[in-house]
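Quick note: numbers below take in every heavy atom, side chains included, and nothing from hydrogens, waters or symmetry partners. Numbers here are sequence positions counted from 1.
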Amino acid sequence: MARTIEVPDQITVGALADILEVPVTTLIGELFKGGVMVTVNEKIDFDTASILVGELGFDVELKAAAKTDNSAKKVAYKLSDKAVSRPPVVAVMGHVDHGKTSILDAIRASDTAAHEAGGITQHISAYQISHNGRLVTFLDTPGHEAFAALREHGAMLTDVVILVVAADDGIKPQTLEAIRFARKAGVKIVVAINKIDKEGANPALVKQQLAENDLLIEEWGGDTVAIEVSAKQKTGIDKLIDMVLLVADVEDLKADIDVPAQGLVIEAHMETGRGAIATALVQQGVLKKNLFIVSGSTYAKVKVLESTDGKAINEAGPSSPVQIVGFKQLPEFGDAFKVVKDEKTAKEIASKAKIKSATSLDMTSTELTRIMNRRSEVTELYIIVKADVQGSLTSLVDSIKTFDSDELNVNIIGSGVGSVTENDVRMAQTSGAIIYGFQVGISSSVRALAQREKIEVRLYRVIYELLDDIKEELTKLLSPEVIETELGRLVVKGVFKISKTEVICGGEVTKGKLQAPALARVKRDGEIIAKEVVVEALKQGPQETKEVQEGEMCGLSFKTESRVEVHEGDHIELFTREIKQRTL
């Protein structure tokens with residue numbers, strides 16, 4: 001009888017893989033075969049999950065769970081008749097290296113891209129600019145495939161997506177992913193065809209590719225705005241912002257300001273001397289210093305309120321990106337926040353959320369234990385992961401999950417935001433784990449402890465280098481592939497010597513060709529009487545030879561660990577064996 005599993009109306013591919021107890025790559029591969037390209041943290045609907053289970057032949061029946069609120073979904077606030085116009089929130093998305101950050105640099109005349117590790121954005125960054133007297137909030141989202149969670153989160157926060165496509169490269173997988181995220185979030189898309197100054201640029205081809213993906217540009221009779229720009233030459237940038245504002249005006253964006261402030265946490269990190277700091281986007285109301293806010297299972301009194309460029313401010317209205325200092329603990333990436341009347345209320349709400357989270361965590365741990373017991377035959381790599389901000393940690397964990405297979409498993413025994421600590425080293429010492437740090441540091445005393453205990457601490461500033469390291473470690477754990485190549489066969493016509501360790505015989509090569517040295521097995525009437533012996537020499541007449549062809553006669557001697565009684569009519573099959581290291 002098929003077991004019934006309850007799943008929500010929307011579920012990530014990774015979560016479904018855990019529930020079904022299969023590698024996430026199995027699901028991603030099956031969806032890909034059906035023409036659906038997804039990442040581990042991308043959500044699929046209940047119907048798609050049911051079809052997937054059926055296609056894979058699992059003895060499982062999915063049942064739709066009761067719908068619950070999901071803070072990751074785009075929030076549609078109910079507006080009063082007093083709502084006022086607000087600045088648009090614009091996410092800049094697209095394939096890695098297509099120039100997203102460079103376009104934003106041109107917009108705010110900075111030089112962020114040159115300072116990004118590896119030349120790619122690794123966090124969501126947010127800031128406001130003033131264009132012809134109007135404010136616009138921009139979000140820069142990472143382009144590397146590992147950051148799909150951040151990109152989807154960025155799309156959910158926004159009103160307009162600037163889709164950056166390089167004129168010399170065209171639409172790529174992460175471009176298509178950005179289009180899906182934007183459509184899922186229900187936001188307008190403005191296309192920036194970048195690098196038009198570069199040799200090999202072909203804007204017409206990009207426009208054709210856009211049309212093939214249901215983004216027909218205005219000049220071809222569609223409703224998608226496409227602007228040709230060069231971030232390097234700073235051409236077309238003003239026109240791009242003008243078109244973004246025009247699209248936003250059509251949407252008539254508004255927010256209430258006479259309500260308790262609320263919004264979403266974009267990032268969170270620890271800072272020495274200041275504690276937990278959240279980067280957040282205010283969506284309704286006006287956030288002010290000294291107010292109490294709740295986010296998930298933690299709360300804060302807003303001790304310090306700053307713009308995202310570090311300037312102190314007293315308040316922030318709708319569509320404003322801010323930094324908040326004062327949280328008791330790190331808020332979670334993607335959690336909503338809201339202002340409450342006092343600290344007592346904040347504590348109560350956070351406490352209830354913590355209890356609910358702990359119950360959920362306990363259930364998850366039980367499920368994980370069951371899965372890990374099932375995978376007892378799987379080779380495991382134990383690691384601890386530390387990252388500078390919550391968003392990066394989420395992306396790292398999601399990306400690492402994709403390495404799991406029926407043969408190998410990455411067991412993340414610990415993770416967190418902030419520097420590598422003594423506790424991390426102690427945990428690694430107990431479990432034999434490798435500590436991986438992304439954009440974090442390690443104190444000299446903790447490093448000395450790690451060296452003393454022979455614990456490997458590997459720090460990276462570029463995410464794909466860290467992931468490549470883990471992949472390399474997993475490759476080392478793969479059992480090698482044994483490749484046997486058949487050479488030829490000899491039928492024994494005469495036996496000249498049999499001892500405990502050696503046999504000398506002669507016969508005819510009836511198949512292939514014989515080579516020495518080589519391995520061999522001896523068969524009689526189809527049964528193996530010697531599984532593996534070492535052929536040391538071949539002779540034709542008095543002369544030793546390295547090779548004997550089919551149809552020729554020769555003598556053969558082989559070494560054996562125990563006496564092998566070879567008879568006339570036996571077959572000796574020669575073969576070579578190669579041990580090849582497999583790769584992921």
Side-chain angles (χ1 to χ4, degrees), residues 23 25-26 29-30 32-33 56-57 375-381 403-409 468-584:
T25 47
T26 301
E30 189 64 28
F32 181 77
K33 280 193 264 180
L56 290 168
R375 289 178 170 178
S376 58
E377 72 283 0
V378 176
T379 302
E380 290 190 318
L381 173 68
F403 293 144
D404 286 356
S405 67
D406 291 329
E407 187 176 348
L408 296 173
N409 179 58
D468 284 347
D469 188 309
I470 293 175
K471 195 172 181 180
E472 189 175 326
E473 287 299 321
L474 285 170
T475 299
K476 293 176 187 175
L477 297 177
L478 280 172
S479 55
E481 182 180 4
V482 179
I483 302 172
E484 287 191 1
T485 305
E486 187 177 339
L487 297 176
R489 182 185 302 160
L490 176 136
V491 176
V492 178
K493 300 291 187 181
V495 179
F496 310 117
K497 177 184 176 182
I498 295 179
S499 69
K500 187 177 180 181
T501 59
E502 186 182 23
V503 172
I504 300 175
C505 60
E508 181 184 357
V509 180
T510 59
K511 183 181 179 183
K513 65 180 179 181
L514 306 191
Q515 291 176 196
L519 299 173
R521 57 181 65 91
V522 183
K523 287 185 175 180
R524 181 177 302 147
D525 299 326
E527 296 290 327
I528 297 175
I529 63 170
K531 192 173 183 180
E532 187 175 303
V533 297
V534 180
V535 177
E536 291 193 324
L538 297 172
K539 278 191 175 183
Q540 284 187 302
Q543 299 295 321
E544 278 200 15
T545 182
K546 295 292 184 185
E547 198 172 277
V548 183
Q549 300 294 332
E550 184 176 340
E552 296 179 346
M553 302 290 290
C554 71
L556 176 151
S557 68
F558 63 78
K559 294 288 185 182
T560 178
E561 291 183 357
S562 59
R563 188 179 179 90
V564 177
E565 295 290 341
V566 176
H567 298 168
E568 286 187 26
D570 287 349
H571 290 158
I572 300 178
E573 298 177 351
L574 275 67
F575 63 93
T576 60
R577 179 179 293 138
E578 179 187 0
I579 307 297
K580 185 179 179 181
Q581 181 61 52
R582 291 153 61 209
T583 58
L584 288 174

Under the salt bridge (Lys or Arg N to Asp or Glu O under 4.0 Å) rule, collect the residues that match up with [X], sequence neighbours excluded.
X	result
E561	none
E532	R577
K546	none
K493	none

Mind checking what makes side chain to side chain donor-acceptor pair (under 3.5 Å) contact with [X], not counting sequence neighbours?
X	answer
K531	none
E550	none
E565	R563
K500	none

Enter the distance from [X]:[atom1] to [Y]:[atom2] here, rounded to the nearest 0.5 Å.
X	Y	atom1	atom2	value
L556	I504	CG	CD1	9.5 Å
F403	N409	CZ	CG	12.5 Å
I528	H571	CD1	NE2	13.5 Å
F575	E486	CZ	CD	10.0 Å
L477	E472	CG	CD	11.5 Å

Partners of [X] by side chain to side chain contact (heavy atoms under 4.5 Å, CB included), sequence neighbours excluded?
X	answer
T501	S499
R524	I529, H567, D570
K513	Q515, E547, Q549
E573	R489, R521, K523

Non-hydrogen atoms of [X] and [Y] that approach each other most closely:
X	Y	value
E536	A516	O-CB, 4.1 Å
I572	C505	CD1-SG, 3.7 Å
V566	V495	O-CG2, 3.3 Å

Residues M553, Q540; criterion side-chain contact (heavy atoms from CB on, under 4.5 Å); working and verdict: CA-CA 7 Å; M553 302 290 290; Q540 284 187 302; over 6 Å; no
Evaluate the side-chain proximity of [Y] to [X]: yes if any heavy-atom separation is below 4.5 Å, no if none is.
X	Y	result
L408	L478	yes
I470	L381	yes
T510	L490	no

Exceeds 12 heavy-atom contacts within 6.0 angstrom, atom NZ of K580: no
Inspect the surroundings of CD in E527 and state if more than 12 heavy atoms from other residues, nucleotides or ligands are less than 6.0 Å away. no
In sequence, state the C-alpha distance, the side-chain angles, and the governing distance for V534 and F558, and then conclude on side-chain contact (heavy atoms from CB on, under 4.5 Å). CA-CA 5 Å; V534 180; F558 63 78; 5.9 Å; no
Could you go step by step and tell me if L487 and T576 meet the side-chain contact (heavy atoms from CB on, under 4.5 Å) rule? CA-CA 7 Å; L487 297 176; T576 60; 3.7 Å; yes
Before you tell me yes or no, could you show the steps for V509 and C554 under side-chain contact (heavy atoms from CB on, under 4.5 Å), namely the whole-Å CA-CA distance, both residues' side-chain angles and the distance that decides it to 0.1 Å? CA-CA 8 Å; V509 180; C554 71; 4.3 Å; yes
